[in-house]
Structures are given as C-alpha cells and as structure tokens.
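Below is one structure, written out as structure tokens; comments come after it.
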Amino acid sequence: MSRSSSGFDFSDRVVVVTGGTRGIGRAITESFSAAGASVVVCARNAPASLPPGVTFVAADLREPDQAAAVIEAAVSAHGRLDVLVNNAGGSPAAAAATVSPRFVAKVVALNLLAPFYVSQPANAVMQQQDSGGAIVNIGSVAAHQPEPGTAAYAAAKAGLLQLTRALALEWAPKVRLNHITTGLILTDQATEFYGPEGGAAVASVIPMGRMAVPADVASACLYLASPLAAYLTGADLAVHGGGEIPARYLAAHPS
C-alpha cells in the first residue's frame with residue numbers, strides 16, 4: 001500500500017495523464033505517482049525528465065489513431081486502466097477578427113476533439129473492468145467567462161464541459177466523468193500572461209487572495225478519481241478560488 005501526503009492511495013491503479021510532462025499536467029502526474037499509481041503520460045515531445053516509474057508515450061492527440069495508441073500502450077504495459085486525466089490543451093491569445101481558420105481548427109481539435117479521441121478507447125477498456133474507471137477533464141473558467149483573445153479556446157472549453165456531461169450520461173454507471181473548471185494558475189508562464197509581478201495584481205481580485213498553483217488542480221484530480229467521489233459523475237468542480245470579484249464592485253470600492 002502506498003499513501004501520499006495527500007492521504008490518497010492509488011496503489012495498483014493505472015493512470016493516464018495527457019499533457020502530463022509540464023505545468024499543471026506535471027503536478028497531476030507527480031501527485032498520482034506519489035499516491036502509488038502507475039502513471040503513463042503523453043505529449044508531442046519527450047520531456048528532459050520524469051518522476052521515477054512514470055512512462056512517456058509520444059503522441060499528437062489531435063490524431064485519433066495516436067490518441068488510441070496512448071491507451072493501448074498503457075493497457076499493454078499494465079493490463080488495465082483506472083483513471084484518465086484529459087489535461088492537454090491551451091492556446092495563445094489571438095484576435096477573433098483576424099485569426100486564421102487553420103488556427104481555430106487546431107485550437108478546437110486540441111481542447112475539445114482530442115479529449116473525445118482519448119476518452120473513447122479509455123471507456124472501452126474501463127467498461128470491461130469490474131471496478132470501471134474515472135475520467136477527469138481539465139477545463140477552464142474561460143468556458144464560463146471568456147476574455148478578449150480567447151474566442152476559439154473559450155468555445156472549445158465550453159464544449160468540453162458539455163461533452164463531460166453528455167458522456168457521463170452515456171457511460172454511467174461503470175465510468176464516471178467529471179470536469180474541473182480551473183481559474184488563474186500560477187505557472188512558469190505567469191509573468192508572460194499576468195505581468196512582471198507574476199500575478200500579484202491579479203490575485204487581488206480573487207476572493208482567496210491568491211492565484212491557484214498546479215498542486216491545487218492536482219489535488220482536485222485525486223479527489224475526483226478516488227472512491228470518495230464514487231457518486232460524482234457529470235459534475236463541474238470549480239477550482240478558481242471563488243472566481244473574481246465583479247469589476248463593478250471594484251470600480252465602486254477601489255480600496
């Protein structure tokens with residue numbers, strides 16, 4: 001038995017984390033690995049290093065055959081699949097008035113179609129297991145509150161939330177699907193997106209007084225994949241520190 005400092009035990013469990021080599025995905029990978037799971041990660045490029053025991057599979061998840069190959073590799077190596085975390089995603093900012101159709105197609109493919117492509121073969125495996133399985137989709141607050149420059153990304157993430165709910169209806173009771181709405185995350189790229197203070201100014205509009213860190217999202221994944229969430233499916237768990245204080249309130253109360 002292996003119990004991490006989080007208190008979760010995933011001994012003898014097999015977990016696939018897409019985009020699990022850096023940022024939020026890396027934190028999710030490390031958390032499941034520390035809890036005793038056998039973890040398989042995928043990305044287009046191999047990382048410089050991974051936690052001990054974690055297996056890497058190169059894949060472009062926008063291609064259905066490569067997405068299926070990730071699941072096949074995990075099952076071939078470990079004989080089962082218990083958890084899938086669809087974390088791969090993201091998009092640079094782009095003006096909707098001038099963005100190319102090619103850019104839009106790639107963003108939608110990565111953030112909406114790829115999770116579908118990976119989930120289908122994962123479900124096929126999990127449905128045959130007595131213990132079933134759990135799929136966690138990593139979404140974004142952009143699905144609920146888009147900002148300028150995120151039209152394609154926000155639309156794709158809104159689709160991911162509805163995809164989660166739809167598949168939860170179809171694949172229950174063997175397979176549970178849940179969604180995490182992530183807020184602003186303090187990653188290595190925070191300065192690029194949130195200014196030279198690394199998000200300090202942004203943190204002032206979040207009720208919890210700070211931006212999330214990748215470990216906050218990882219902890220939510222552990223919970224949703226664990227027996228503690230055995231009756232949760234089709235749920236949207238908000239990991240955003242309470243959201244954002246409304247701009248109208250800040251305008252009226254600048255202090």
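- A donor-acceptor pair is defined here as one N or O able to donate and one able to accept, closer than 3.5 Å; no such pair exists between the side chain of N111 and the backbone of V108.
- Atom OG of S219 is separated from atom CG of L224 by 11.0 Å, given to the nearest 0.5 angstrom.
- With hydrogens and angles disregarded, no donor-acceptor distance shorter than 3.5 Å links the side chain of T164 to the backbone of L177.
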Next on the checklist: Walk me through whether L84 and N86 qualify under side-chain contact (heavy atoms from CB on, under 4.5 Å).
Outcome noted: CA-CA 6 Å; L84 166 64; N86 282 311; 3.7 Å; yes
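- Ring orientation note: the planes of H253 and Y249 are close to parallel, at an angle under 30° on the 30°/60° scale.
- The only option from K157, Q145, H144, H240 that meets the side chain to side chain donor-acceptor pair (under 3.5 Å) definition with T181 turns out to be H144.
- Counting only distance, with no hydrogens or angles, the side chain of S33 and the backbone of T29 share no donor-acceptor pair below 3.5 Å.
- Using a 4.5 Å cut-off between side-chain heavy atoms of Ile, Leu, Val, Met, Phe, Trp and Tyr, with links allowed through other members, V104 and L163 fall into the same hydrophobic cluster.
- Note that CG of L184 and CE of M211 are 5.0 Å apart. Values are rounded to the nearest 0.5 Å.
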Next on the checklist: Go through it in stages, so that I can follow the logic: the residues are F32 and V85, the test is side-chain contact (heavy atoms from CB on, under 4.5 Å), and I'd like the CA-CA distance, side-chain angles, deciding distance and then a yes or no.
Outcome noted: CA-CA 11 Å; F32 275 107; V85 180; 4.0 Å; yes
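- When every heavy atom of P207 is checked against every heavy atom of G242, the shortest pair comes out as CG-O, 3.7 Å.
- Inter-residue side-chain proximity for R176 and I135 is flagged as unmet; no heavy-atom pair is nearer than 4.5 Å.
- With R62 contributing its side chain and L110 its backbone, the two residues share no donor-acceptor pair below 3.5 Å.
- The closest donor-acceptor contact from the side chain of K174 to the backbone of Q129 lies under 3.5 Å.
- Follow the hydrophobic side-chain contacts under 4.5 Å out from V39 and you never reach V118; the two are in separate clusters.
- Side-chain N or O atoms of T187 include none that pairs as donor or acceptor with a backbone N or O of G23 at under 3.5 Å.
- For the residue pair V175 and M126, the shortest heavy atom distance occurs at CG2-CB, 3.5 Å.
- By the 4.5 Å heavy-atom criterion applied to side chains, Y117 and D65 are not counted as neighbours.
- The shortest side-chain heavy-atom distance between V57 and V40 falls under the 4.5 Å cut-off.
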Checklist entry - Hey, mind stepping through R13 and V83 against side-chain contact (heavy atoms from CB on, under 4.5 Å) and telling me if it holds? => result CA-CA 8 Å; R13 293 292 180 261; V83 180; 5.7 Å; no
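- The main-chain N or O of V205 is never found under 3.5 Å from a side-chain atom of E244 such that the two would form a donor-acceptor pair.
- Side-chain atoms of T150 do not come within 3.5 Å of backbone N or O of P146 as any donor-acceptor pair.
- Minimum heavy-atom separation, C221 to I28: SG-CD1, 3.8 Å.
- Checked by atom type and distance alone, the side chain of S100 pairs as donor or acceptor with a backbone atom of F103 at under 3.5 Å.
- In summary, the side chains of N178 and T233 do not present any donor paired with an acceptor at a separation below 3.5 Å, with no hydrogens or angles considered.
- L161 and V217 end up in different hydrophobic clusters when Ile, Leu, Val, Met, Phe, Trp and Tyr side chains are linked at under 4.5 Å.
- Both L237 and I138 sit in one connected hydrophobic cluster of ILVMFWY residues. Membership requires side-chain heavy atoms under 4.5 Å apart, directly or through other members.
- The distance from atom CZ of R22 to atom CD1 of I24, rounded to the nearest 0.5 Å, is 10.5 Å.
- Of the N and O atoms on the side chains of R80 and S131, at least one donor lies less than 3.5 Å from an acceptor on the other residue.
- Between atom CG of residue L50 and atom CZ of residue R26 there is a gap of 5.5 Å, rounded to the nearest 0.5 Å.
- Residues A37 and V15 approach most closely at CB-CG2, 3.8 Å, considering heavy atoms.
- Checking side-chain atoms of T21 against main-chain N and O of P47 turns up no donor-acceptor pair under 3.5 Å.
- Interatomic distance, OG of S38 versus CG of D12, reported as 8.0 Å (0.5 Å rounding).
- A donor and an acceptor atom, one from each side chain of N137 and H179, are nowhere located under 3.5 Å apart.
- A distance of 7.5 Å separates CZ of F56 from SG of C42, quoted to the nearest 0.5 Å.
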Item to check | side-chain contact (heavy atoms from CB on, under 4.5 Å) between F10 and D82, worked out | outcome: CA-CA 10 Å; F10 283 87; D82 300 283; over 6 Å; no
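- In this structure, N87 and G25 approach most closely via the heavy-atom pair ND2-CA, 3.3 Å.
- With a 4.5 Å cut-off on side-chain heavy atoms, K106 and S91 do not count as touching.
- The same ILVMFWY cluster, assembled from side-chain heavy atoms under 4.5 Å apart, contains both F116 and V70.
- Annotation for A68 and P121: closest pair CA-CG, 3.9 Å, computed over non-hydrogen atoms.
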Checklist entry - Taking it one step at a time, do R210 and D216 satisfy salt bridge (charged side-chain N to carboxylate O under 4.0 Å, His left out)? => result CA-CA 12 Å; R210 67 172 178 87; D216 292 318; 2.9 Å; yes
